[in-house]
There are 2 protein chains.
Amino acid sequence: MHAVLLEHIQKFITLEPSEKAILDSSLILSKIKKKEHVLREGEIANTMYFVTKGCFRQYIINTKGTEQTLQFAIENWWITDYLSYHNHVPSHFYIQAIEDTEVIAIEKKSFESLLLQIPKLERYFRIISQKTFGASQMRIKFLFTMSAEERYRHFKNVNPDFVQRIPQYMLASYLDFSAEFMSKIRVGKV
Amino acid sequence: MHAVLLEHIQKFITLEPSEKAILDSSLILSKIKKKEHVLREGEIANTMYFVTKGCFRQYIINTKGTEQTLQFAIENWWITDYLSYHNHVPSHFYIQAIEDTEVIAIEKKSFESLLLQIPKLERYFRIISQKTFGASQMRIKFLFTMSAEERYRHFKNVNPDFVQRIPQYMLASYLDFSAEFMSKIRVGKV
DNA sequence: ATTGTTTCTTGAAGTAGTTCAAGTTTTTTG
DNA sequence: CAAAAAACTTGAACTACTTCAAGAAACAAT
């Protein structure tokens, strides 16, 4: 039923049939329409989302009133504001669907009870969050060492399909330059 | 014996006396002299470090030959290159002591066997790596939204003692501006 | 104490990117 | 298929930072 998540989990741990059944019965698939938010600045994040189809983005609104995307979450990614989630503090971020998106949403309460029922899941989440942090380190490395154009070319090489799929101004802000500069890079006027 | 780590772990999970004993017997404290490296670019990270005293930094050498610090690890922080660690690929980073430093170093093998003996530790590492990732998201937010001077003032407000403790050029690169510009910010010539 | 090494400072010149404002194209929606 | 909304483009003026080169200060080691 929740085949996508189950497969992802089983890349890292092995589940008994009984555990799969528990998982299956405690997860709810939910559909989020394009442009809908699942988290806004100031709210406390108490849900984790696993994207099975579509795409979320995490963004902020800066002092100039411009949106800046900090992260995308496509198929097979978990997303939430972990700091708000763990520390019960208001979030600095918005999380929004940028396409019609299907997710498995888990509330903190059900998440904790799921971990009690299937302690092995702690391992799964431990491994993926360590890897996610590792990816975030690489992201900072790229931001520090590459020019705007290099960041764009590199991102496009690694994610050719994804680049086609999203508004270019969102990608520009994710790569930390302006929408106008993105336009110039793409035309080659830089 | 390894009181610092034990305390840190017990902020998140509760250990039985027997589990504490296992932990205690399987951990080794090690001392790293100032400027010594525990990881170099190209090597595969297969050790995790928990800093009990002193300070590590993770850095790269950019195309101009300048060192750029991506992260500091002080007391109570775990550090390694998680991407290299999990994927068995050569690291992009250096990890170096910037003071005489005491760490608990755990090799991948002993780490895995420790997790088998005390599965509860999965939970501990799950929680701290989620929080660490959360912190990394905030770091990217600050890099995106604040000017160089704002980043410096903010960092100094949050970590007044730490700023005193490290070479300013390392902090400059961590905040993503040049050592010269740091100097000008501090004097107020900007 | 003296020498070498590391870190910090200063100013002048340069540049990779931003900002603004306006127009154009593409996509979405009733 | 119109009309509205969203996304993209363009050029000109600007600026927050970098780079370079050289000297000064602080620190460490014999």
* To do: Find the bend of the helix from C/dA1-D/dT30 to C/dG30-D/dC1 as the angle between its two terminal axes (five pairs each), to the nearest 10°.
  => 70°

* Asked: Is B/V187 isolated, or which residues cluster with it under the ILVMFWY side-chain rule of less than 4.5 Å, directly or via members?
  -> none

* **Those residues that, when tested against B/F12, pass side-chain contact (heavy atoms from CB on, under 4.5 Å) (two or more places apart)** => B/H8, B/Y124, B/I127, B/I128, B/K131

* Asked: For residues 169-180 of chain A, which residues have at least one heavy atom under 4.0 Å from DNA chain D?
  -> A/Y169, A/E180

* Structure fact -> Apart from A/V103 itself, its cluster of hydrophobic side chains linked below 4.5 Å comprises A/I32, A/V38, A/L39, A/Y49, A/V51, A/F56, A/I79, A/I95

* Could you identify which residues cluster with A/V89, counting Ile, Leu, Val, Met, Phe, Trp and Tyr as linked when any side-chain heavy atoms lie under 4.5 Å apart, either directly or through a chain of such contacts? => none

* Structure fact -> Sorted by chain and number, sequence neighbours left out, side-chain contact (heavy atoms from CB on, under 4.5 Å) with B/D176 holds for A/F144, B/Q68, B/L143, B/R151

* side-chain contact (heavy atoms from CB on, under 4.5 Å) involving A/S183 - partner list, sequence neighbours excluded -> none

* **For chain A, the stretch of DNA chain C it reaches, first to last nucleotide, under 4.0 Å of its heavy atoms** => C/dG17 to C/dT28

* Asked: Can you name the ring-ring contact (aromatic ring centres under 6.0 Å, His included) partners of B/Y59, sequence neighbours left out?
  -> B/H37, B/Y94

* Give me the residues of residues 143-166 of chain B where at least one heavy atom lies under 4.0 Å from an atom of DNA chain D, by number, or none. => B/S147, B/A148

* Structure fact -> By side-chain contact (heavy atoms from CB on, under 4.5 Å), B/K31 pairs with (sequence neighbours left out) B/E102

